[in-house]
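Letters go in sequence order (proteins before strands), and every chain restarts at 1.
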Protein chains: 2
Amino acid sequence: MTTQSRATLADVARLAGVSSKTVSRVFADAGNVSAETRERVLGSAKRLRFRPNNLARNLRRGGVTNTVAFVIGDLTNPFYFTVAAGIERELALHGLTMVLASTDDSPDSEERVVDALLAQRVRALVLIPIADDQSYLDGERQLGTPVVSVDRPARNLIADSVVLQNRVGVAEAVRSLTAIGHRKIGFLSNPAGIYTQRERLAGYRDALREVGVTETAHWERLDDDPSVSAEYSVRSLLALADPPTAIVAGNNRGSAGAVRVLRDLDPPVAFIGFDDFELADALGISVVAYDPIELGRTAARLALGHLADPDSFTTQVEIPTRLIQRGSGEIPPPA
Amino acid sequence: MTTQSRATLADVARLAGVSSKTVSRVFADAGNVSAETRERVLGSAKRLRFRPNNLARNLRRGGVTNTVAFVIGDLTNPFYFTVAAGIERELALHGLTMVLASTDDSPDSEERVVDALLAQRVRALVLIPIADDQSYLDGERQLGTPVVSVDRPARNLIADSVVLQNRVGVAEAVRSLTAIGHRKIGFLSNPAGIYTQRERLAGYRDALREVGVTETAHWERLDDDPSVSAEYSVRSLLALADPPTAIVAGNNRGSAGAVRVLRDLDPPVAFIGFDDFELADALGISVVAYDPIELGRTAARLALGHLADPDSFTTQVEIPTRLIQRGSGEIPPPA
DNA sequence: TCGCACGATGTCAACGATGTCCCAGATTGT
DNA sequence: ACAATCTGGGACATCGTTGACATCGTGCGA
């Protein structure tokens, strides 16, 4: 494996008998090079396996790359990576590349990871905020780097954001349950501390209040400890002296647990989850759904918008949710 | 929004009253700078919102970045994304970043996408080969860029690869069916043309041949048209004059379809899928499983190994699979 | 007390590509 | 026929950082 060193513009130029500027013209400018010269240059380039060095190019062009960073908490969550797919697609349409970095859901590493990306001179930053405070990004924003927060609003930072209709979505789901007579409705949330879960909890309470139910605390299972399984929470609800006749989950984690417990219960307990999932249709599970790809695309579009017009206003977008009824949410309470 | 320009080493140096080299030392070398000077430099840097420019740094250091590219066919396939998560984790341990690019399953765009990444001077390349020929990467490999192919071997290219125990895994699954008396076993494969599916099909035939069944063509549903739904294929198997008593699927696409059709069949038809999936346990679906995270980690480790020792031999790794019995695969044939 | 090692800092060039300016010759208009 | 314009191509500086090497005190052993 003779690891020879990489060819540069100058090497190609020497072999082709032209100046390096001419080679540069062939590869970038496309301006004013005779067909004959171009052929000769391309021939030499191929022979030397030349590949233009984007590091140098970008440096010369003022330190601007064509990559956009997406900072994600937990890479193994299917929700986040579908968002990433949306971002990648939209960026690809504009010739931009996505760099993906994970903070492993650790608030402390967020700033460190983001810093490393900014040092790479990413063109824009899309992130799912994990830490309690994104004010450290303010300087960068003022320097002109678009920052878009996804799924949750950034804290202490003026930035575009794309979030779901969490509160309205859950309220609609709960309303569909109260409409068929349910009053004792459980709610699963874990981790309960984060923005999305707080919003969804609020939606749950909203809808119950509308039918006069204000005492909901004993039907709420709010945890911040990921080791508490959703199955356990569901069982603890069913073990109540006055158990709920329906359960709503704040995320797909809750759905997975609920499915396991509820499938062979008699009398059946109604269930509605948040986040759609593979096979939910086969299982007949009703869910509050939305389009995660669209979430990503929208985030990318906002970033691209700021790149095109740095002085545009910051925007908050809400991605709509919709209730998909598949059976589990349409079970009426026992007579 | 006053978009002021970015501060450089020189700017910080001027403000701190030192040379730019000293500032460089503070941010990189960490070598021999007095505490007092360091304080002063860091102060100026913060005031100017200075951030070192990795483009310039990497250029100066010989055009070597700390990013590794992962080229993926279809970003929305959870399998690939979990692999990506594994890669990202392993790389993070070594201070490297992952860039993700998608070819949208188009063989034509593979070379284009890869080229763009190589121009960014990625340190190594991990890819899921889509095109029929990866020989275009040979030059780059000779230049010392580690290339690792994942899930399928690269064609016409000497490169490390990490693949699953496809053939053995499926053979084991089919054997578990023949062991309890099944002889009429269907096989679903779509897209059937790719390496993994061909291997799995071979495993299926292997195991049937062991029990003397050599005529399997009418039980094989091999499609290359993604618009042919797995449900349709399953139904067409069941509609045979002599329908199979068990079905094996070549991927999770097949499983999803099979689950929908098979759940309320009487007499029940045994089923084993390839690829584990969320809720497979709740549904009692037996599958041939493996660890996709480990697949990614292994790929990353191979790349890192080549970076550490450029002259190391290329390696082929097989990630083990295992049969997880959850009920659907243990149904005996009707008496 | 002198030489020398060492710590703290500075000078300068170079990484690879490109923007700016410049030039020689060919072509065009009047 | 001559100036004006265009076309292909080159020289040189430059983007922001760092490696190699130089410089200047200071303290310490001989």
Side-chain angles (χ1 to χ4, degrees), chain A residues 4-42 44-45 48-66 115-116 118-123 143-144, chain B residues 4-42 44-45 48-66 115-116 118-123 143-144:
Chain A
Q4 60 233 31
S5 77
R6 238 165 259 274
T8 70
L9 276 188
D11 299 327
V12 177
R14 206 162 326 145
L15 181 58
V18 295
S19 82
S20 62
K21 179 66 203 188
T22 299
V23 182
S24 165
R25 287 199 179 93
V26 171
F27 278 92
D29 291 349
N32 294 351
V33 182
S34 72
E36 185 204 3
T37 312
R38 156 174 280 108
E39 281 312 303
R40 199 146 34 90
V41 168
L42 289 177
S44 314
L48 294 177
R49 296 208 189 87
F50 170 76
R51 198 187 293 285
N53 185 331
N54 265 357
L55 261 55
R57 190 200 299 253
N58 290 335
L59 174 60
R60 185 64 242 262
R61 290 195 173 157
V64 185
T65 62
N66 43 236
D115 250 38
L118 292 176
Q120 307 287 351
R121 291 297 189 269
V122 294
R123 197 87 169 266
L143 253 31
Chain B
Q4 61 230 29
S5 77
R6 240 166 256 274
T8 71
L9 277 186
D11 299 327
V12 177
R14 207 163 340 179
L15 182 58
V18 295
S19 80
S20 61
K21 180 67 205 193
T22 299
V23 182
S24 165
R25 287 200 178 93
V26 170
F27 279 91
D29 291 351
N32 295 351
V33 181
S34 73
E36 187 204 3
T37 312
R38 156 175 280 112
E39 281 311 303
R40 199 146 34 91
V41 167
L42 288 176
S44 314
L48 295 176
R49 294 207 191 88
F50 170 76
R51 199 186 294 284
N53 185 331
N54 264 358
L55 263 54
R57 189 201 300 252
N58 291 334
L59 173 61
R60 183 63 240 261
R61 289 192 175 159
V64 184
T65 62
N66 40 233
D115 250 38
L118 292 176
Q120 307 287 351
R121 291 296 190 271
V122 294
R123 196 85 170 268
L143 254 30

Can you tell me whether the side chain of A:Arg60 and the base of D:dT14 have a donor-acceptor pair closer than 3.5 Å? yes
Rounded distance (Å) that lies between atom P of D:dT18 and atom CG of B:Leu9: 6 Å
Step by step, would you call A:Leu55 with B:Thr65 a side chain to side chain contact (heavy atoms under 4.5 Å, CB included)? CA-CA 9 Å; A:Leu55 261 55; B:Thr65 62; 3.7 Å; yes
Taking CZ from A:Phe50 and C1' from C:dG16, how many angstroms apart are they, rounded to a whole number? 8 Å
Taking only the side-chain heavy atoms of B:Ser24 (C-beta and beyond), determine which of D:dT18, D:dT7, D:dT17 contains the nearest atom. D:dT18
With a 3.5 Å cut-off and just heavy-atom distances, do the side chain of A:Lys21 and the base of D:dG8 make a donor-acceptor pair? no
Can you find an N or O donor on one side and an acceptor on the other, under 3.5 Å apart, linking the side chain of B:Arg25 with the base of C:dG10? yes
Does a salt bridge link B:Arg6 with B:Asp11, judged by any charged N lying under 4.0 Å from a carboxylate O? no
Going by atom types only, do A:Asn58 and A:Arg61 share a side-chain donor-acceptor pair under 3.5 Å? no
Distance check needed: D:dG19 P versus B:Arg61 CZ, whole Å only. 6 Å
Given C:dT18, C:dG16, C:dG10, identify the nucleotide with an atom nearest to the side chain of B:Leu59. C:dG16
Whole angstrom is fine here: how far is it from CG in A:Asn53 over to C1' in D:dC15? 13 Å
